[in-house]
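Input: a single structure, listed below in structure tokens.
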Amino acid sequence: MTTDQDLSVGSALPPVYTPGSVESRLYEQWVERGYFTADVGSDRPPYVIVLPPPNVTGQLHMGHALNHTLMDVLTRWRRMQGYETLWLPGMDHAGIATQNVVERELAKEGLSRHDIGREAFVERVWQWKQEYGGRILSQMRRLGDGVDWSRERFTMDDGLSAAVLTMFKRLFDDGLIYRAERIINWCPRCLTALSDIEVEHSDDEGELVSISYGPITVATTRVETMLGDTAVAVHPDDERYAHLVGADIELPLTGRRIPIVADEHVDPSFGTGAVKVTPAHDPNDFEIGQRHNLPAITVMDERGVITAPGPFEGLDRFEARPAVTAALRELGLIVAEKRPYVHAVGHCSRCDTVVEPRLSLQWFVKVESLAKAAGDAVRDGRVAIHPPEMARNYFDWVDNMHDWCISRQLWWGHRIPVWYGPDGETVVVGPDDEAPSGDGWRQDDDVLDTWFSSGLWPFSTLGWPTDTEDLKRFYPTSVLLTGYDIIFFWVARMMMFGLYAMTDRGPAGSVPFHTIALTGLVRDERGRKMSKSSGNGIDPLSWIETYGADATRFTVARGAAPGGDVSLGDEWAQASRNFVNKLWNAARFAMLNGADAHAPLPDSSALATPDRWILSRLAFTAREVDAHLHDFEFAKACDVLFHFTWDEFCDWYVELAKLPLERGGAEGAATRTVLGHVLDALLRLWHPVIPFVTDELWRTLTGGESVVVAPWPTGLVSGGERLLDVETTYPDDEKRVAQLQAVVTEVRRFRAEQGLRPGQRVPARISGIADSSLASFEDQIRSLARLQEPTADFAETAGLVVGDIRVALDLSGAIDVAKERARLQKALDVARSEVALAEQKLGNPQFTGKAPQPVIEKMRSRLAAAQADVVRLRGQLDALPPR
RNA sequence: GGGCGCGUAGCUCAGUGGAAGAGCACCCGGCUUACAACCGGGGAGUCACAGGUUCGAACCCUGUCGUGCCCACCA
């Protein structure tokens with residue numbers, strides 16, 4: 001009954017898989033059927049991942065493709081295992097980035113944001129978001145992201161804005177938010193404060209200039225700041241200058257007199273050992289100024305233009321630098337010629353402008369207690385970091401964190417909820433409070449750092465501060481998966497905020513996630529960091545177009561070791577595409593031959609050796625895949641599946657199946673059933689990585705609803721049939737098949753070397769198959785090695801021996817004796833040196849005395865095998881016709 | 001300046017104490033009715049270098065060289 005019906009199932013599949021015709025149809029179906037919508041009322045254990053919200057301005061790049069694929073693998077895997085799975089998507093409003101985009105648009109119309117005013121500008125940004133924002137969301141659909149679209153959030157939507165206000169007020173009331181005049185990192189182009197991590201340091205070439213301040217000489221790379229000097233500092237123990245401490249000297253070009261002070265901060269061994277002190281323009285100097293009660297004189301405005309009265313007023317900082325130097329030189333005060341000096345210079349991470357330290361009034365989060373809690377949660381194991389080595393980076397940062405400057409002089413973002421009254425009152429307005437009104441009241445102009453709202457993401461997206469059902473059920477989240485480059489920006493902030501906001505959940509329940517899984521960066525085929533600026537970026541969308549979403553996903557997942565960087569090139573994607581097609585065709589073969597996934601699997605005693613072998617290998621593979629996914633070893637999970645699929649299932653099992661399928665009967669029926677069951681399980685195992693092709697095939701094979709909601713073959717947590725017997729393996733059958741493989745390979749090798757056409761059937765006599773359970777073993781060898789039954793006039797011209805099995809071949813004509821002799825001789829040499837090595841080892845009392853027993857056993861059998869090889873090869877050589 | 005990591009086949013990387021591996025690329029032969037996006041066969045490496053520990057080292061230790069990344073308020 002293999003039957004037209006069965007044939008029609010397989011013949012519905014074309015010989016080449018075309019992703020384009022499958023992907024969008026399936027994705028829409030998955031969403032419509034609600035597979036990705038989490039049920040807050042189910043009694044399954046929860047498995048939750050919040051998507052690191054991409055910027056609203058963003059487009060899907062390879063880094064997203066990598067992380068999204070891995071998150072999708074995890075959530076699909078867990079869903080199949082029986083977890084109530086929630087993967088929550090959303091976007092970040094991305095303060096500076098988005099504001100810049102809209103400002104550029106305005107600029108095309110010849111306008112600046114100041115021309116249209118704050119309200120109109122913010123309105124513009126919302127419009128922009130409406131029209132162009134979130135392109136990445138449709139791109140995520142293309143990739144196959146199984147996110148819960150019904151729970152999509154945006155950091156600026158009403159709920160999340162209320163969360164921001166609540167958090168701000170709570171921190172403020174607890175004294176953890178304060179406003180102060182401090183030196184902060186200032187971008188003179190973006191015209192806003194930046195937090196420490198928004199500053200990127202690079203080694204830039206500058207000039208170190210030594211200036212004589214009368215009795216004492218100082219050195220600086222930022223000459224123009226001397227206009228704001230209010231002291232010179234030396235080390236208290238520096239004898240060279242002890243007599244000068246307390247003295248007043250004249251500051252050149254200004255006519256001001258400034259003191260010489262002693263301060264521990266100064267390194268006497270650097271330069272002249274004397275430091276000019278500019279409290280308004282340098283963080284160290286600011287602190288020295290605090291300690292010595294020095295005035296802070298601001299000499300530059302927010303654009304980096306000199307404001308100090310005098311000849312330099314109005315000059316840009318970089319024009320002022322040579323100008324001031326020239327003026328000093330004219331006075332003969334440049335004592336040492338300026339010399340090139342490479343030093344670290346801070347740049348704005350957004351626009352690369354050189355950051356200017358600037359004294360200004362800003363809002364800060366007092367991080368000490370928050371950071372300590374964030375560190376402790378990892379230290380005491382409530383939150384695990386994968387890979388563990390990365391934890392060190394995390395500790396280094398949270399343990400040495402400075403207070404976090406959270407105010408930004410932007411318009412796009414959460415406006416700081418603080419109102420100032422006419423008499424200097426300060427009122428913080430929570431989400432449910434009335435804002436003060438009346439004359440003289442006005443709200444703070446600044447907005448909050450984007451990372452303030454993203455720090456709330458794991459709970460604000462679930463409804464916090466309202467204690468919603470979602471929040472109760474899905475917090476803490478299970479895994480946070482993101483690139484290691486974002487630990488400080490985001491991960492540490494979520495830790496601090498989560499632990500603080502959710503304290504009432506107790507120590508274990510307050511963490512934002514149980515596990516942090518860090519991924520690497522995406523690199524090109526030569527290991528260089530993939531980026532727009534180096535022009536080596538690969539657009540994942542173009543891969544999806546060319547090779548399909550599955551191939552794209554497999555390519556990135558296959559490269560993903562925990563925390564390891566991923567190298568990608570087109571050849572990788574091509575290979576993946578080829579693999580997907582291979583799987584497609586293996587399934588097509590099975591279906592064309594009536595593979596049956598429904599019939600009960602026959603009792604193992606009724607199965608043939610190849611059947612038991614493939615079931616054994618499948619069970620092993622499934623266990624490995626499970627274990628690797630547990631460890632976030634995506635590359636290894638892909639690898640074992642890949643090898644099982646191609647090397648074992650396709651190259652051997654499918655080939656071995658052809659014979660019984662052809663013969664039909666009970667033998668054929670059993671094979672069809674095993675084929676169906678193995679393929680079924682294989683498609684399920686592959687589904688998390690390559691969801692589209694597996695669903696298409698699985699539905700055709702089983703007639704089931706969708707593999708998305710099919711049970712995982714192993715490790716189920718609740719419900720569903722256990723598909724795979726992972727406990728039972730068949731070691732004897734594994735040995736037998738290994739033997740068969742060795743024989744077949746040896747015959748093929750011989751044939752290739754002798755230049756026989758692959759199609760040519762060679763008469764062969766096979767002997768030495770001892771095992772009676774392998775009734776068809778001989779036929780299988782003949783089938784796979786393209787041999788035929790011995791003819792009546794069979795005359796052996798070559799004999800191959802593998803283990804106990806001997807294959808005599810009649811090439812009905814001379815074989816290339818010289819070639820064969822050379823080959824045998826070479827093999828004999830190898831075997832002899834093998835024997836020598838093993839004998840030497842075993843003859844060494846040190847070895848036999850100290851090496852563990854299994855190693856010695858292994859060496860013994862190695863020796864025995866090599867000795868047997870020598871005997872056999874000598875026999876074969878002797879049997880060759882004389883020259 | 002501090003910290004972390006890496007150097008294994010032409011390329012990208014597994015392997016972390018007991019016979020050097022995979023994918024891609026390469027060479028030879030094939031349209032063997034699932035798949036030429038395929039099949040069969042093959043070559044390929046002083047495991048960066050130098051010492052040390054060990055019966056035994058790609059693996060552990062020390063040093064050197066090369067290379068990548070992160071952190072950093074020495075003017």
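Naming: A, B, ... by sequence-line order, numbering from 1 per chain. Computed from a prediction, not measured in an experiment: that's the story for all the values here.
A distance below 6.0 Å separates the ring centres of Trp686(A) and Phe579(A).
Residue Asp651(A) is classed as a sugar-phosphate contact, given heavy-atom separations below 4.0 Å to backbone atoms only. Within the nucleic acid shown, Lys858(A) comes within 4.0 Å of sugar-phosphate atoms alone, with no base atom in reach, counting heavy atoms only. Backbone-only contact: Arg392(A) has heavy atoms under 4.0 Å from sugar-phosphate atoms and none from a base. Within the nucleic acid shown, Asp267(A) comes within 4.0 Å of at least one base atom, counting heavy atoms only. If you check every strand for non-hydrogen atoms under 4.0 Å, Val16(A) touches a base.
For C4(B), the OP1/OP2 oxygens have no side-chain nitrogen or oxygen of Trp397(A) closer than 4.0 Å.
Listed for the Asp229(A) side chain is no donor-acceptor partner under 3.5 Å among the backbone atoms of Ala231(A). Between the side chain of Arg222(A) and the backbone N or O of His281(A), at least one donor-acceptor pair lies under 3.5 Å.
Comparing the C1' positions of G7(B) and G43(B) gives an interatomic distance of 25 Å, to the nearest angstrom. C47(B) and C13(B): their C1' atoms are spaced 13 Å apart (whole Å).
Between Arg786(A) and Trp646(A), the residue anchored closer to the 5' end of RNA chain B is Arg786(A), taking for each the nucleotide with the nearest heavy atom.
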For RNA chain B, the dot-bracket pattern of Watson-Crick and G-U pairs whose distances stay under 3.5 Å, | for other-strand partners:
((((((((.[[[[.)..(..]]]].(((((.......))))).....[[[[[..)....]]]]])))))))....
